[in-house]
Protein chains: 2
Amino acid sequence: MIRVRIRVAPAEYEVRVAPGLLARAGSLVRSVHRGAVAAVVTDRTVDRLYGAKVVRSLEAAGFEVSRSVLPAGERAKSLHRVETLWTRWARMGLGRDAIVVALGGGVVSDVAGFAAASYARGISWVAFPTTVIGQADAAIGGKVGVNLASGKNLIGAFHHPLAVFADIDTLRTLTPRAYRAGLAEIAKIGMIARPHLLPRLEGLARAGTRVPRPSLVAPLIRAAASAKAATVEADERDQGARLALNFGHTVGHALEAASGYRSHLHGEAVSIGMAAALRLSVLEVGLDPVDAMEAETLLARLGLPTRFRREPGEAFWKALARDKKRGRSGVRMVLCPAIGESKLFTLPALTTLRRVVRSLVRHTGGNP
Amino acid sequence: MIRVRIRVAPAEYEVRVAPGLLARAGSLVRSVHRGAVAAVVTDRTVDRLYGAKVVRSLEAAGFEVSRSVLPAGERAKSLHRVETLWTRWARMGLGRDAIVVALGGGVVSDVAGFAAASYARGISWVAFPTTVIGQADAAIGGKVGVNLASGKNLIGAFHHPLAVFADIDTLRTLTPRAYRAGLAEIAKIGMIARPHLLPRLEGLARAGTRVPRPSLVAPLIRAAASAKAATVEADERDQGARLALNFGHTVGHALEAASGYRSHLHGEAVSIGMAAALRLSVLEVGLDPVDAMEAETLLARLGLPTRFRREPGEAFWKALARDKKRGRSGVRMVLCPAIGESKLFTLPALTTLRRVVRSLVRHTGGNP
């Protein structure tokens with residue numbers, strides 16, 4: 001009898017949330033990686049704003065730099081784009097001593113991180129998230145991947161970055177819409193795990209959510225990132241506690257998939273998904289209806305959508321049934337039995353969810 | 001300052017080398033996996049011989065079974081084939097509770113294992129290797145992946161199977177050529193780590209290498225598999241000891257890539273690569289020339305090629321320069337300072353390797 005025993009050494013990495021990090025990109029990357037080659041992956045929007053600055057800083061720190069620019073938006077999260085990166089890296093002769101530098105939002109870190117995870121069986125990467133969603137959530141925790149036509153994030157890996165450097169100055173260049181979409185993930189963390197974030201988000205809503213003031217947003221990002229880090233530590237492989245982070249995502253993902261990732265930003269779809277999950281939580285796990293209404297109102301006050309534009313069609317329900325957290329006995333969703341808590345719940349049938357979704361279709365809305 | 005700490009629990013799995021395992025596939029898979037769905041991946045040749053038997057056994061053990069059949073041969077190790085598997089699994093609604101069953105040689109376990117590694121960020125798999133190379137080497141150690149046009153195994157992951165079940169009865173259906181190609185990997189283990197395997201391979205050569213006798217080969221497979229397991233335990237991520245297993249592979253891979261994986265079986269290419277590495281070892285790291293000649297002769301007596309059919313062209317040297325073990329300072333190769341030992345060596349220039357390769361071109365051959 002032959003046995004193979006695998007022990008993986010523990011890893012540890014830093015998430016830094018601070019101003020002015022992009023200008024120091026070179027020395028920051030150098031502080032975690034000794035190799036000579038840096039492969040920057042970014043998108044068109046971010047490249048125009050910060051590409052040259054980051055490349056300059058990396059070169060000044062002695063890196064040989066290549067830069068690959070993805071189209072902006074969720075549709076870049078495709079196998080095709082990853083293959084293009086792989087082929088380019090292979091032609092350049094990129095070896096295991098190279099580091100991938102992801103510069104951009106959640107889409108960029110998902111694509112760049114997965115490309116790094118599977119190139120030469122895994123090379124290092126580092127994330128410079130430039131959106132609220134990336135800084136507070138997406139760049140932390142090693143979940144990387146791309147979409148298949150058949151479902152969101154279906155192809156991917158767990159591949160942690162060597163470090164996450166969140167330069168909060170980059171938030172100034174976000175569109176109001178992208179900024180608000182990012183707040184949805186902070187609201188999510190508040191609702192299921194850190195209720196003290198909710199009054200602070202109310203404060204932010206009062207200050208206005210058109211132009212982010214980094215000094216106001218940074219503490220919220222830091223708190224959300226820290227909550228995300230704690231959840232990842234407790235459950236790296238997404239089998240228990242970490243599943244709670246999918247609050248709002250079951251319906252949100254189905255909405256995105258059904259619309260071909262065109263009508264909503266990710267955070268907007270999650271906001272609508274949270275509205276649905278809140279109402280379902282009232283009906284199924286005893287969430288106080290007043291708390292549910294307050295939470296839904298907060299989303300609206302942050303300028304986020306909480307209603308379906310129209311009755312979702314077959315594509316939506318099909319995508320929901322394909323959700324990868326699906327158990328054999330039904331769709332599994334994260335619900336919220338009380339603000340600040342979460343519970344994994346298996347819907348025995350879709351009847352109640354259909355009722356909730358109908359109640360959230362614009363013009364026919366109403367409370368549960 | 002936020003820190004993320006990742007601790008991965010140690011894993012352990014069993015490699016069983018025995019007759020009659022395919023007929024018990026269902027209960028064997030059931031012994032390591034509780035889920036309900038089994039996705040069999042095999043190739044045309046193996047499917048014809050053993051597909052129905054394995055599916056029947058899995059169904060009898062209560063699995064809901066799907067079967068995907070790859071074309072036979074190295075050219076199936078493509079991203080395109082992996083994508084086809086992913087899409088099919090997604091359409092079937094395969095969830096994280098499914099297990100992938102790789103039934104076949106090294107190509108099948110590489111493709112099926114990588115598909116499992118990246119589907120839904122990693123689902124379980126189990127290997128039933130049906131070739132000498134799969135049983136002694138390829139199915140053990142979690143290295144899975146596919147080729148890009150730009151290089152062999154460039155895309156992949158470390159993803160260990162839950163178990164390896166090597167049914168030695170399947171060796172009876174190997175062609176003599178495939179059987180001999182498999183012996184090359186056993187010879188490799190002998191030359192760099194387990195010298196006692198070499199006289200036993202001599203014995204096998206005397207008994208003839210047209211038709212494998214499982215009872216004669218099984219002990220050699222068990223010894224090689226056990227050596228492979230020990231190397232993997234010492235260095236799962238291929239950064240030290242495990243690199244020694246690449247003996248013969250630098251030149252072998254370049255030869256395969258340059259010929260589009262058409263002219264040589266993997267083991268045949270590795271055999272020619274070992275002949276080159278042995279001669280280089282005499283010139284560069286002091287291997288005794290008589291030992292080198294004996295080792296080269298053993299390969300020939302096993303019916304393996306040890307000569308280039310013609311002078312390798314530009315494609316060969318380009319592929320060599322792209323090898324993913326390449327350091328910044330030159331091509332890194334595993335050499336053999338004494339039979340049973342290995343040493344990682346960086347070629348400062350290709351001059352000596354060019355000379356060795358020329359000495360191995362058929363019709364112009366000769367000793368170093």
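Chain letters run A, B, ... following the sequence lines, proteins first, then strands; residues in each count from 1. Not measured: the values here are computed from a predicted model.
- Summarising the geometry, atom CD belonging to B/Gln135 is positioned 13.0 Å from atom CZ belonging to B/Phe165; distances are rounded to the nearest 0.5 Å.
- When heavy atoms are compared at a cutoff of 4.5 Å, B/Leu79 approaches chain A solely by way of its side chain, counted from C-beta outward.
- By the neighbour-count criterion of 12 heavy atoms within 6.0 Å, atom CZ of A/Arg3 is densely surrounded, having more than that number from other residues, nucleotides or ligands.
- In this pair, A/His160 and A/Tyr13 present their aromatic rings tilted. The plane angle is within the 30 to 60° band.
- Side chain to side chain, A/Lys143 and A/Asn153 fail the donor-acceptor criterion of an N or O pair below 3.5 Å.
- With chain B as partner, the option from A/Ala90, A/Ala11, A/Ala229 having the largest number of non-hydrogen pairs under 4.5 angstrom is A/Ala11.
- For a residue to count as touching a neighbouring chain, one of its non-hydrogen atoms must lie under 4.5 Å from one of that chain's; by this rule A/Ala149 does not touch chain B.
- Contacts between B/Ala115 and chain A at a heavy-atom distance below 4.5 Å are absent for every atom of the residue.
- One side chain, A/Glu185 or A/His249, offers a donor N or O that lies under 3.5 Å from an acceptor on the other.
- Using a 4.5 Å cut-off between heavy atoms, B/Ala225 touches chain A through backbone and side chain atoms alike.
- When heavy atoms are compared at a cutoff of 4.5 Å, B/Glu14 approaches chain A by way of both its backbone and its side chain.
- Residue A/Arg5 places its CZ atom among more than 12 non-hydrogen atoms of other residues, nucleotides or ligands, all under 6.0 Å distant.
- Between B/Trp89 and B/Tyr119, the ring planes lie perpendicular to each other; the angle is over 60°, past the 30° to 60° tilted range.
- Residue contact with chain B, scored on non-hydrogen atoms closer than 4.5 Å, involves the backbone and the side chain of A/Ile155 alike.
- For chain B, the nearby part of A/Glu236 is the side chain; its heavy atoms alone come within less than 4.5 Å.
- Only the backbone of B/Val144 comes within less than 4.5 Å of a heavy atom in chain A; its side chain stays farther off.
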